[in-house]
Amino acid sequence: MAVRFYTQAPKALLAKFDAAIKQKEPKGKIDTWETSDDGKYYTHTAERWSKKAWFKPSTSDGLLTFNIIKPKNQNVTSSVYAYYHGHLIETFLNHFDANFTSAEATALPVVGDLCNS
């Protein structure tokens, strides 16, 4: 249950995502995602979906991956997984379409995901 973005500059793409979340100027600002207090994880901001799951990013050669992480004492349901993965890909298409070649969402948990007890 991960989202992967194929890109020549995975660290730069993640930095652009962070910058768009933190920016003050409304134009281009991403206000549908926020970071955890330590800045290591991302959650959706919509009232119904906020903190229902978290994404933990990692980079490797040509790849920016977001693994899903469950909140404390709660599993990630299929509807939460679908919402988070769909909205993350939508966000990147809306803001960074020129910075990656393709994106994919895995259907089942992969190494790095923590979605069930």
Side-chain angles (χ1 to χ4, degrees):
M1 295 161 77
V3 177
R4 297 181 183 124
F5 294 95
Y6 294 86
T7 175
Q8 293 183 355
K11 289 180 183 178
L13 181 55
L14 181 59
K16 286 180 183 216
F17 183 48
D18 279 329
I21 291 171
K22 294 174 185 172
Q23 79 181 38
K24 302 295 182 202
E25 180 183 338
K27 184 177 181 183
K29 178 172 177 49
I30 295 174
D31 56 10
T32 54
W33 293 95
E34 66 183 350
T35 59
S36 57
D37 291 339
D38 62 8
K40 294 180 182 179
Y41 304 94
Y42 301 86
T43 192
H44 204 275
T45 61
E47 186 175 337
R48 179 175 175 199
W49 302 101
S50 182
K51 300 183 176 115
K52 298 280 186 183
W54 297 87
F55 275 127
K56 181 180 181 184
S58 62
T59 59
S60 59
D61 189 32
L63 195 61
L64 170 57
T65 301
F66 288 87
N67 289 99
I68 199 150
I69 307 294
K70 69 182 189 80
K72 291 181 183 176
N73 304 317
Q74 187 176 344
N75 291 333
V76 176
T77 65
S78 293
S79 60
V80 169
Y81 155 78
Y83 186 88
Y84 270 65
H85 285 62
H87 278 259
L88 187 65
I89 291 172
E90 177 190 37
T91 298
F92 274 68
L93 285 169
N94 280 327
H95 292 269
F96 313 115
D97 59 340
N99 301 111
F100 65 98
T101 57
S102 64
E104 67 182 15
T106 65
L108 298 173
V110 297
V111 173
D113 291 333
L114 179 59
C115 52
N116 296 314
S117 298

- Item | Note, Trp33 side chain near Leu88 side chain (heavy atom, < 4.5 Å) |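 In short, these two side chains touch, coming nearer than 4.5 Å.
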- Residue pair Val3 / Ile89, side-chain heavy-atom distance below 4.5 Å: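 Result yes, sub-4.5 Å side-chain heavy-atom pair found.
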- Item | Gap separating the NZ atom of Lys56 from the CG atom of Asn67, nearest 0.5 angstrom |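 If I round to the nearest 0.5 Å, the distance is 8.0 Å.
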- Separation between NZ of Lys52 and CD1 of Ile68, rounded to the nearest 0.5 Å: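 It comes to 13.0 Å.
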- Query: If every non-hydrogen atom of Val76 is compared with every non-hydrogen atom of Ala53, which pair is closest and at what distance?
  - Reply: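 Minimum heavy-atom contact is CG2-CB, 4.1 Å.
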- Task: Would you name the heavy atoms of Pro57 and Leu64 that are closest together and state the gap between them?
- Result: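 Pro57 and Leu64 have their closest heavy atoms at CB-CD1, 4.4 Å.
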- Task: Could I get the full list of ring-ring contact (aromatic ring centres under 6.0 Å, His included) partners for His95, not counting sequence neighbours?
- Result: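 So His95 forms no ring-ring contact (aromatic ring centres under 6.0 Å, His included) with any residue.
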- Report, as yes or no, whether the 6.0 Å neighbourhood of atom CG on Asp37 holds more than 12 heavy atoms from other residues, nucleotides or ligands.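 Check fails, neighbour count at 12 or below.
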- Please list, chain by chain and in numerical order, all residues satisfying salt bridge (charged side-chain N to carboxylate O under 4.0 Å, His left out) with Lys51, sequence neighbours excluded.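 For Lys51 the salt bridge (charged side-chain N to carboxylate O under 4.0 Å, His left out) partners, ignoring immediate neighbours, are Glu34.
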- Item | By side chain to side chain contact (heavy atoms under 4.5 Å, CB included) - contacts of Asp38 (at least two apart) |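 By the side chain to side chain contact (heavy atoms under 4.5 Å, CB included) rule, Asp38 matches Ser36, Lys40, Tyr41.
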In residues 5-23, what donor-acceptor pairs under 3.5 Å come from side-chain atoms, sequence neighbours left out?
{"unit_1": "Tyr6", "atom_1": "OH", "unit_2": "Glu104", "atom_2": "OE2", "d": "2.9"}
{"unit_1": "Thr7", "atom_1": "OG1", "unit_2": "Ala9", "atom_2": "N", "d": "3.1"}
{"unit_1": "Thr7", "atom_1": "OG1", "unit_2": "Asn99", "atom_2": "O", "d": "2.7"}
{"unit_1": "Asp18", "atom_1": "OD1", "unit_2": "Tyr42", "atom_2": "OH", "d": "2.4"}
{"unit_1": "Asp18", "atom_1": "OD2", "unit_2": "Tyr42", "atom_2": "OH", "d": "3.2"}
{"unit_1": "Gln23", "atom_1": "NE2", "unit_2": "Glu25", "atom_2": "O", "d": "2.9"}
{"unit_1": "Gln23", "atom_1": "NE2", "unit_2": "Lys27", "atom_2": "O", "d": "2.8"}

- Linked, directly or transitively: Leu63 and Phe55 (ILVMFWY side chains, under 4.5 Å):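 No, it is not one cluster - the side chains of Leu63 and Phe55 are not joined through contacts under 4.5 Å.
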- Query: What residues, two or more places apart in sequence or in another chain, satisfy side-chain hydrogen bond (donor to acceptor under 3.5 Å, both in side chains) together with Ser79?
  - Reply: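 Listed in chain order: Thr77.
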- Item | Trp54: partners by side-chain hydrogen bond (donor to acceptor under 3.5 Å, both in side chains), with sequence neighbours left out |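 None.
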- Please report the C-alpha distance between Thr43 and Tyr84 in whole Å, then the side-chain angles of each, then the deciding distance to 0.1 Å, and finally whether the side chain to side chain contact (heavy atoms under 4.5 Å, CB included) criterion is met. CA-CA 8 Å; Thr43 192; Tyr84 270 65; 2.8 Å; yes
- In sequence, state the C-alpha distance, the side-chain angles, and the governing distance for Thr32 and His44, and then conclude on side chain to side chain contact (heavy atoms under 4.5 Å, CB included). CA-CA 6 Å; Thr32 54; His44 204 275; 3.9 Å; yes
